[in-house]
Protein chains: 2
Amino acid sequence: MKPLQVERGDTLANVLRRHIADDILSGKCEPGTRLDERSLANEYGVSRTPVREALQQLAAAGLVSSKPHSGTIVQGVEIERVASLCEASILLESLCAKLAASRISAVEIGRLRKIHEQCETLHKSGDAEGYALANRKFHSAIISGTQNTDLIDAVEFCRLRIAPFQRAPFQSADRRAESQKEHKRIIEALEARDAAKAEQMMSEHLSAAAVAIDDHLQNFFS
Amino acid sequence: MKPLQVERGDTLANVLRRHIADDILSGKCEPGTRLDERSLANEYGVSRTPVREALQQLAAAGLVSSKPHSGTIVQGVEIERVASLCEASILLESLCAKLAASRISAVEIGRLRKIHEQCETLHKSGDAEGYALANRKFHSAIISGTQNTDLIDAVEFCRLRIAPFQRAPFQSADRRAESQKEHKRIIEALEARDAAKAEQMMSEHLSAAAVAIDDHLQNFFS
DNA sequence: TAGAATTATTTGGTACACAATATTTAGAAA
DNA sequence: TTTCTAAATATTGTGTACCAAATAATTCTA
């Protein structure tokens, strides 16, 4: 039974949501896993009520899918769906990179550089999980650079869904090294305020990532 | 007490969510209105549980905002936020139009034309509410034309938030007439499979809509 | 073996109680 | 009067128990 702590101004349901979301994003809960309310309630030592609410929030975010009376499962790996997710992500994030080129602040670029350095350290130390996490931060930082909360929300909404599939490719040090080079080019384009180049670089980066994800899935299903 | 009917394979919470969402989108619940659970439960003759779940879903969609222990209110009219919403919507839907130009099926174009005709009828009969609804369908049809469910979800996620503010401008017959012309040009671009033009036309159309929305809000606050 | 009927299990919903917190109201002090 | 503090209030958040409804699993029959 895992102990939970709720800060003031927060709710148990929210804590649960984040906890379960972490388990999904970090791969502890594999896609396809059934999440039944009673088990989770027992596991965390709470009643069904907050568990239900947490699951509904996750369903709204698209991390799990639930059908009335037949429970909720972690969003599954349907290979053509991943392709669709990758395409959406490429389109949306390229758009963000283009926009961010003219809007991201100097402070934010500084933060971006710092994240990039952290990525480098994690890559060299072989911490694939850590790298995946830092990579997410890197992309979020660029999306935030658009300075438009509603655009940010929409794009993050899409990114959240693809997150569970983005970890796997980073197990490969080669892919991490490639990714680092691509990140560097993106930062340079942003610093140069070159919108077209930032868009182009982001598109190429995510296309490469998409290929890596697809590769991994193909291996998985053979 | 409003009677509710739940279809098989659906839940009361979902029915409630749609009902409340309609009330918000149609302007029956004005922005800023407090939605307390007990009142809603009494109003619909149900218990608090499904009401809570419906409200949480609406919060996830961004139609209402809720803070722990202090209830949920219909998302308010902050004028700079509307501008941000409009910009996000312009960017995302233009992207969709560009993509849809090469992907939308002939059947879908047919459906689009039909919706366009309905819009024409509603416009001429002076039914502003009906026009606003049909207008939403028109835009959704184009977004769906991208054939990418994840992109569709992300864009609709943004569109849902702006919906409450898009009704007002259509009170003006002039704006409806302009809108119709713009819609026509968009359809023609899509039929010609001219991606650049479809993108351009959609961007201009939504920019004009954004100006109309802003105009209306300025009048409202003076 | 395939299909139909039955059972089991899980979710969806109701009702009620109580705890926790934000908000408001009233009161005390400056 | 004003402002800060403290109690009162209302609403949300969570727990418990129970039942209904629907799906999933199982058994039985043809």
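Numbered from 1 within each chain, the chains take letters A, B, ... in sequence-line order.
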Tell me the interatomic distance from E53(B), atom CD, to dT12(D), atom P, rounded to whole angstroms. 15 Å

Please enumerate all residues that pass side-chain contact (heavy atoms from CB on, under 4.5 Å) together with A60(A), with sequence neighbours excluded. A60(B)

Sequence neighbours excluded, which residues qualify as side-chain contact (heavy atoms from CB on, under 4.5 Å) partners of S207(A)? I90(A), S203(A)

Whole angstrom is fine here: how far is it from CZ in R52(B) over to P in dG15(D)? 11 Å

Once you round it to whole Å, what is the distance between C1' of dT12(D) and CZ of R48(B)? 6 Å

Output the residues of residues 5-15 of chain A in contact with DNA chain D, where contact means a heavy atom of the residue under 4.0 Å from an atom of the strand; sort by number or write none. T11(A), L12(A), A13(A)

Estimate the overall bend of the helix from dT1(C)-dA30(D) to dA30(C)-dT1(D) from the end axes over five pairs each, rounded to 10 degrees. 10°

Within the pair R38(B) and dT12(D), is there a side-chain N or O less than 4.0 Å away from OP1 or OP2? no

Mind checking ring pair (Phe, Tyr, Trp, His ring centres under 6.0 Å) for H69(A) and listing every partner two or more places apart, or none if nothing turns up? none

For the CD atom on E7(B), are there more than 12 heavy atoms of other groups (residues, nucleotides or ligands in this structure) within a distance under 6.0 Å? no

Would you please indicate if the ring centroids of F165(A) and H216(A) are separated by under 6.0 Å? no

Would you please name every residue forming a side-chain contact (heavy atoms from CB on, under 4.5 Å) with A88(B), sequence neighbours left out? N148(A), D150(A), L151(A), C158(B)

T49(A) or E37(B), whichever maps to the more 5' nucleotide of DNA chain D: E37(B)

Side chains of residues 107-115 of chain B: which donor-acceptor pairs under 3.5 Å do they make with residues two or more places apart or in other chains?
from, atom 1, to, atom 2, distance (Å)
E108(B), OE1, S105(B), N, 3.0
E108(B), OE1, S105(B), OG, 3.2
E108(B), OE1, Q147(B), NE2, 2.7
R113(B), NE, E191(B), OE2, 3.3
R113(B), NH2, E191(B), OE1, 2.8

Counting only side-chain N and O atoms of S47(A), is one of them less than 4.0 Å from OP1 or OP2 of dG15(D)? yes

Quickly work out the Q56(B) CD to dT12(D) C1' distance and round it to whole Å. 11 Å

Length of the CG-C1' vector between N42(A) and dG15(D), whole Å: 14 Å

Spell out protein contact along nucleotides 5-10 of chain D as letters: B when the base is contacted, S when just the sugar-phosphate is, - when no protein heavy atom is under 4.0 Å; keep the 5' to 3' order. ------

Just to verify, what does H205(B) make a ring pair (Phe, Tyr, Trp, His ring centres under 6.0 Å) with, not counting sequence neighbours? H139(B), H183(B)

First and last nt of DNA chain C near chain B, cut-off under 4.0 Å to heavy atoms, 5' to 3', are dG12(C) to dT23(C)

S26(B): side-chain contact (heavy atoms from CB on, under 4.5 Å) partners, not counting sequence neighbours: K28(B)

With a 3.5 Å cut-off and no angle check, do the side chains of N42(B) and S39(B) form a donor-acceptor pair? no

So that I know where these two stand, are H123(B) and F170(B) an aromatic pair - ring centroids less than 6.0 Å apart? no

So how far is it from D22(B) CG to C29(B) SG, rounded to the nearest 0.5 Å? 10.5 Å

Considering residues at least two apart in sequence or located in another chain, which fulfil the ring pair (Phe, Tyr, Trp, His ring centres under 6.0 Å) criterion with H116(B)? none

Considering only heavy side-chain atoms of V46(A), the closest of dG15(D), dC18(D), dA21(D) is dG15(D)

